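Structure record follows, encoded as structure tokens.
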Protein chains: 2
Amino acid sequence: MVNRKNIKDVARAAGVSISTVSRVLNDSKGVREELKQKVLDAVQILGYHSNTIARALKGMPTKTFGLLIPSIENPFFPSMVRGVQDEAHRNGYSVFLCNTDGSGIIEEAQFRLLLDKKVDGIILVASKYTTKYLKKENNELPIVMMDRYVRSPNYSYVTVDHSVGVRLAMDHLRTLGHKRIAFLGSKLISSGARERFQAYKRYMIDLRSKLDESLVVLGDYTYESGIKMTEELLRRDVKFDSILCGNDLIAFGVIEVLKQKGIAVPDSISVVGYDDIAFSSYYTPKLTTVHQPTYDVGQLSAKMLIDMISGVDRRVKHIKIEPSLAIRETTLRVGSDSH
Amino acid sequence: MVNRKNIKDVARAAGVSISTVSRVLNDSKGVREELKQKVLDAVQILGYHSNTIARALKGMPTKTFGLLIPSIENPFFPSMVRGVQDEAHRNGYSVFLCNTDGSGIIEEAQFRLLLDKKVDGIILVASKYTTKYLKKENNELPIVMMDRYVRSPNYSYVTVDHSVGVRLAMDHLRTLGHKRIAFLGSKLISSGARERFQAYKRYMIDLRSKLDESLVVLGDYTYESGIKMTEELLRRDVKFDSILCGNDLIAFGVIEVLKQKGIAVPDSISVVGYDDIAFSSYYTPKLTTVHQPTYDVGQLSAKMLIDMISGVDRRVKHIKIEPSLAIRETTLRVGSDSH
DNA sequence: ATTATTCTTGAAAACGTTTGCAAGGAAGGT
DNA sequence: ACCTTCCTTGCAAACGTTTTCAAGAATAAT
């Protein structure tokens, strides 16, 4: 392995021309079986690996794609990223991971950097900035939006059906006798946040013909924001018997504040999270939450992208996966007392 | 942006040869100021980006490196990865992230794949397999070991000084009056696991001249293992007043089991974690734990690698960062009663 | 047997750069 | 004025592939 062999070395060893070697390494068509075997043997013996860079220069695929997410530190993403990578590696792809921190400038810069690196495609978690730079490129580069997307007939996406997720959570709470269900979620800056709030709103309107705005607080998808929103809700002095949270981190903030105020969860107030990050089942009490199949979302996104790249299936597709409900320890029937 | 410009287009627009363009884009030395400006203008106007692939083919750096970790789903790694990426992007590098799942076969395969992709360097979390394939390569490729390492004068690493971490935790427990401190950690398959156990052992021997083996259980760095190890410890029917855990996930398992058995934390038993993953301060009760500066470890690793790549500093270096202790709610003075 | 067709093969031209080399011009020394 | 030396520039060869094209061999068709 001291100095890498090139196609010329193989050609010499096999006693053929480099064109022949190249042919057996690619299409393999139109090469006599005998020569083909000789080449394969030579490759074997010399431990030859074709040079990705040189192939890329000739316009061949780089077997590489980009993955643009807000932040790997957001516990919602690791398993999704893992899903992408597993599918990628299974198909011989390497993936560039980039964090955008929700900044349009960074997102666009990273996007262009990926273009420069000649990736075969890009998977991205769309933001409100995405369309801006995306339509500047009228290129053929395969793109898949993952989780968060923008409505467009031009781009494929795979995401989760939040109307189902919210309905599962609400039905669960209703079944337990809850009537005044508060919603503590994210401001409506992403497709997911919008859909969750819309689904909640629709559900409440169906229930009592109008939405009680005093039951709603909007902030960020963070623990700290969960704390602030709960304090705000408490300050309003409005009656509620349960809380649906926009994600699990918010739920942890909620439970922390309720605990501090001496309000028992789930005995006095039931809490439902959203996402089902790994941590939710380690938490005490174990969090009842809407389980998002994040690994599957990642894996499917990668599969879809690879299909587009390899030309197996170039059509734009919109996939929504159904979430499920993980009923654990933070929800309880109204009026029951676990003591 | 419909069709990318190449260096030839720039040369034509600026009225110079491509060599001149190349020169101003690289060293910039030995080009008349006037021409240099013309070229720069042309680059500006045409929106030219030099083709990374073609440069790489000439042996120029790809501005790309690999990052090999056990799994991004392990909550210990996201912030470390983030540290690496932030430093990388600040210097114009893109990073390939790969998961090895602790498998030597996958690790080596990924390593070779990165080599094929012509990365400028590799950061890896070493395993017992690492040396095997690493010494097969007598190449010049810059390599930095991150967090887990193997002893070798040939390879740089940056890691955390666990003897300090364990001492901080033990001193804290001793100060609170704890005498019988159990250790629930990982089997000794990584440098970190070995060092933590060794430090605990040394501390206990210093204290009472010998190690009470019945206070030690070894398993994996997981929640589930934490549960099993606690059950095992309880089964032994040995007296203990506190538990030092090999990482935070184990600590969560420990606390869960103790809670189920009606043993109050921290009132009856104090628990100290290790790592200080984000979740530990969201947990109830908030976990007292050894804080590992994981972001810094990542950032420093990347900085070190980039220095090696750019030739700024090629010496092999061994850096150990000191951890700190985050005292929160799972440790209490012996005999005190919070009720 | 002769011609038309198909299969195999290799030579050579790309892909977009960097860089050694040589040439031309300007500047400096005598 | 002439000879060095230095600075600036362009030509052309590489880097390791893929692929078009043409040619030669082998096969099929008449």
Side-chain angles (χ1 to χ4, degrees), chain A residues 1 3-40 42-43 46-64 92 115-120 139-140 311, chain B residues 1 3-40 42-43 46-64 92 115-120 139-140 311:
Chain A
M1 197 63 76
N3 40 12
R4 294 180 63 81
K5 308 298 180 188
N6 61 22
I7 201 173
K8 230 168 172 173
D9 299 318
V10 178
R12 196 176 317 118
V16 299
S17 75
I18 58 170
S19 341
T20 303
V21 176
S22 175
R23 268 187 281 258
V24 355
L25 262 35
N26 295 319
D27 33 52
S28 269
K29 278 291 177 238
V31 174
R32 213 167 14 129
E33 195 57 34
E34 186 198 340
L35 282 197
K36 184 171 163 185
Q37 206 42 248
K38 261 196 206 162
V39 170
L40 258 23
V43 166
L46 281 89
Y48 167 78
H49 288 238
S50 79
N51 184 321
T52 325
I53 300 291
R55 312 186 77 219
L57 190 55
K58 291 294 296 184
M60 299 263 92
T62 54
K63 284 283 194 175
T64 286
L115 253 38
D116 279 354
K117 297 267 162 86
K118 290 283 182 293
V119 293
D120 297 337
N139 50 22
E140 295 292 292
Chain B
M1 195 62 76
N3 41 10
R4 292 179 64 79
K5 307 298 179 187
N6 62 20
I7 200 174
K8 230 168 173 171
D9 299 319
V10 178
R12 196 177 316 119
V16 298
S17 76
I18 58 169
S19 343
T20 302
V21 176
S22 175
R23 268 187 281 259
V24 355
L25 261 36
N26 295 319
D27 34 52
S28 270
K29 279 289 177 238
V31 173
R32 207 159 27 116
E33 195 57 34
E34 185 199 338
L35 282 197
K36 185 171 162 184
Q37 206 41 250
K38 260 196 207 161
V39 170
L40 257 24
V43 166
L46 280 84
Y48 167 77
H49 288 238
S50 80
N51 183 322
T52 325
I53 300 292
R55 313 188 76 220
L57 190 56
K58 291 294 296 183
M60 300 263 92
T62 54
K63 285 286 196 172
T64 286
L115 254 38
D116 280 353
K117 297 266 162 87
K118 291 283 181 293
V119 293
D120 297 337
N139 50 23
E140 295 292 290

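Since this is a predicted model, take the numbers as computed values, not measurements.
Every side-chain contact (heavy atoms from CB on, under 4.5 Å) that B:Ile18 has, sequence neighbours left out, goes to B:Ile7, B:Lys8, B:Ala11. Listed by chain and number, the residues in a side-chain hydrogen bond (donor to acceptor under 3.5 Å, both in side chains) with A:Ser19 are A:Ser17 (sequence neighbours excluded). In this structure A:Leu57 satisfies the side-chain contact (heavy atoms from CB on, under 4.5 Å) test together with B:Ile53, B:Ala54, B:Leu57, sequence neighbours excluded. Residues passing the side-chain contact (heavy atoms from CB on, under 4.5 Å) test with A:Leu46, sequence neighbours excluded: A:Lys5, A:Asp9, A:Ala13, A:Ala42.
The line from CG of A:Asn26 to CZ of A:Arg55 is 5.0 Å long, rounded to the nearest 0.5 Å.
Taking the C1' atoms of five terminal pairs at each end of the helix from C:dA1-D:dT30 to C:dT30-D:dA1, the two resulting helix axes are inclined by 40°, rounded to 10°.
Panel note: side chain A:Thr62, backbone A:Ala56; no donor-acceptor pair is recorded below 3.5 Å.
Annotation for B:Leu25 and B:Tyr48: closest pair CD2-CE2, 3.4 Å, computed over non-hydrogen atoms.
Within a 6.0 Å radius of NZ in A:Lys117, other residues, nucleotides and ligands contribute more than 12 heavy atoms.
Regarding A:Glu34, its CD atom lies at a distance of 14 Å from the C1' atom of D:dA25, rounded to whole Å.
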- Note on the structure: Going 5' to 3' through nucleotides 9-17 of chain D and flagging B where a protein heavy-atom sits under 4.0 Å of the base, S where only the sugar-phosphate is that close, and - otherwise, we get BBBB-BBBB

